[in-house]
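Notes for the one structure printed next.
In what follows, residues are counted from 1 in the order of the sequence shown.
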Amino acid sequence: MKTVFVTVGTTRFDELIFTITSSETLQVLKARGYEHLVLQVGRGSLPSQDDCPHFTLETFRFKNSIAEDMKRADLVISHAGAGSCLEALGAGKPLLVVVNDKLMDNHQLELARQLHADSHLLYCTCSTLTEMLRTMDFSVLQPFLPGEPRNFANFLDKALGVR
């Protein structure tokens, strides 16, 4: 059973959860062969099984580790938090990052843009998520090779314009 794992991290990103469980988005996921949704909703609203007909649905707020959820996933859809991105890329999973364009001073956009420019992930916003799912092609991406923590810190500094 093909699985999509969606994570919003420790915050609230109801717009992403609402969009992923919309009938239009679910139809696109179904057409691409996905049948199982695992949603980590953080402080946000919990959808019910009724919101996702024809899908097996698992929801939770927080866990000590989401590594097993990522490992089981065929597709990871994540907010653009650095930790979530690094964990998904480190697990070698196809990653679609959804940037929360409602955030002020949005460092997440810079991170997503840089990782996309380096061909490690695809990214979009909630308003373009369904279309991105319809047209996405992960074959163009390159694996993210984990390295020294200092290298990742330097990468973040560069992506965020700190140095």
Side-chain angles (χ1 to χ4, degrees), residues 1-22 25-26 29 32-49 51-52 55-103 106-116 118-126 129 132-133 136 138 141-160 162:
M1 183 168 16
K2 280 179 71 174
T3 300
V4 178
F5 175 58
V6 180
T7 179
V8 303
T10 59
T11 62
R12 175 182 208 109
F13 193 0
D14 284 344
E15 186 181 9
L16 173 54
I17 299 303
F18 176 78
T19 304
I20 205 74
T21 59
S22 71
T25 302
L26 290 173
L29 289 171
R32 294 196 74 124
Y34 296 101
E35 301 171 319
H36 186 205
L37 279 178
V38 180
L39 307 177
Q40 183 270 319
V41 301
R43 301 187 199 305
S45 301
L46 283 166
S48 72
Q49 181 63 59
D51 297 322
C52 304
F55 279 81
T56 305
L57 177 67
E58 288 179 53
T59 60
F60 63 94
R61 292 190 183 285
F62 304 104
K63 286 184 181 177
N64 288 335
S65 172
I66 57 173
E68 193 58 38
D69 297 292
M70 286 198 181
K71 184 178 171 185
R72 289 190 340 239
D74 297 289
L75 168 63
V76 176
I77 299 174
S78 176
H79 73 123
S84 296
C85 290
L86 186 59
E87 192 165 357
L89 292 171
K93 295 299 176 170
L95 176 60
L96 174 57
V97 166
V98 181
V99 176
N100 186 347
D101 56 3
K102 307 289 190 284
L103 294 178
N106 196 349
H107 66 278
Q108 291 187 358
L109 180 57
E110 287 94 14
L111 178 63
R113 277 188 182 146
Q114 186 62 53
L115 287 168
H116 175 74
D118 293 341
S119 299
H120 298 306
L121 57 77
L122 300 176
Y123 78 97
C124 62
T125 61
C126 287
L129 175 59
M132 176 60 79
L133 288 168
M136 66 187 177
F138 288 108
L141 299 181
Q142 301 295 313
F144 183 82
L145 302 175
E148 294 292 315
R150 165 85 43 219
N151 292 342
F152 186 69
N154 290 338
F155 169 82
L156 281 177
D157 287 345
K158 178 180 142 193
L160 302 176
V162 174

Using side-chain heavy atoms (C-beta onward) and a distance below 4.5 Å, is Pro47 in contact with Thr59?
yes

Apply salt bridge (charged side-chain N to carboxylate O under 4.0 Å, His left out) to Glu15 and list each qualifying residue two or more places apart in sequence or on a separate chain.
Lys102

If you measure from CE on Met1 to OG1 on Thr56, what distance do you get to the nearest 0.5 Å?
4.0 Å

Quick check: Tyr123 with His116 (ring centres under 6.0 Å apart)?
yes

Are side-chain heavy atoms of Asn100 and Val8 found at a separation under 4.5 Å?
no

Test item: Thr11 and Arg43 side chains (from C-beta on) under 4.5 Å apart, heavy atoms:
no

Of the non-hydrogen atoms in Leu26 and Ile20, which two are nearest, and what is the gap between them?
CD2-O, 3.5 Å

Which value, rounded to the nearest 0.5 Å, describes the distance between Leu95 atom CG and Phe138 atom CZ?
7.0 Å

Does the side chain of Cys124 reach to within under 4.5 Å of the side chain of Val99, using non-hydrogen atoms?
no

Heavy-atom pair of closest approach, residues Ala88 and Val76
CB-CG1, 4.0 Å

So, taking the atom named CD in Gln40 and the one named CD1 in Ile17, what distance separates them when rounded to the nearest 0.5 Å?
7.5 Å

Should Lys63 and Glu68 count as side-chain neighbours, where that means a heavy-atom distance under 4.5 Å?
no

With sequence neighbours left out, the residues meeting ring pair (Phe, Tyr, Trp, His ring centres under 6.0 Å) with Phe55 are none

Side-chain heavy atoms of Leu115 within contact of Val97, under 4.5 Å:
no

OG1 of Thr21 to CG of Asp51, rounded to nearest 0.5 Å, is 5.5 Å

May I ask you to test the Leu75-Leu133 pair for a side-chain heavy-atom distance under 4.5 Å?
yes

How close do Leu111 and Cys85 get, heavy atom to heavy atom, and via which atoms?
CD2-SG, 4.5 Å

Measure across Ala73 and Phe5 and return the closest heavy-atom pair with its distance rounded to 0.1 Å.
CB-CB, 3.7 Å

Roughly how far, to the nearest 0.5 Å, is OG1 of Thr7 from CD1 of Ile66?
4.0 Å

Ignoring hydrogens and geometry, is there a side-chain-to-backbone donor-acceptor pair from Arg61 to Gly44 under 3.5 Å?
yes

Which atom names give the shortest non-hydrogen contact between His79 and Ser84, and what distance separates them?
NE2-OG, 3.0 Å

Quick check: are there more than 12 heavy atoms from other residues, nucleotides or ligands sitting under 6.0 Å from NZ of Lys71?
no

Among Arg72, His36, Glu35, which residue meets the side chain to side chain donor-acceptor pair (under 3.5 Å) test with Thr3?
His36

Find the distance between NZ (Lys93) and CD1 (Ile77) and round it off to the nearest 0.5 Å.
14.0 Å

Can you give me the closest heavy-atom contact between Gly33 and Lys2, atom names plus distance?
O-CB, 3.3 Å

Any side-chain heavy-atom pair of Val6 and Phe13 under 4.5 Å
no

Does a side chain donor of either His120 or Gln114 reach within less than 3.5 Å of an acceptor in the other side chain?
no

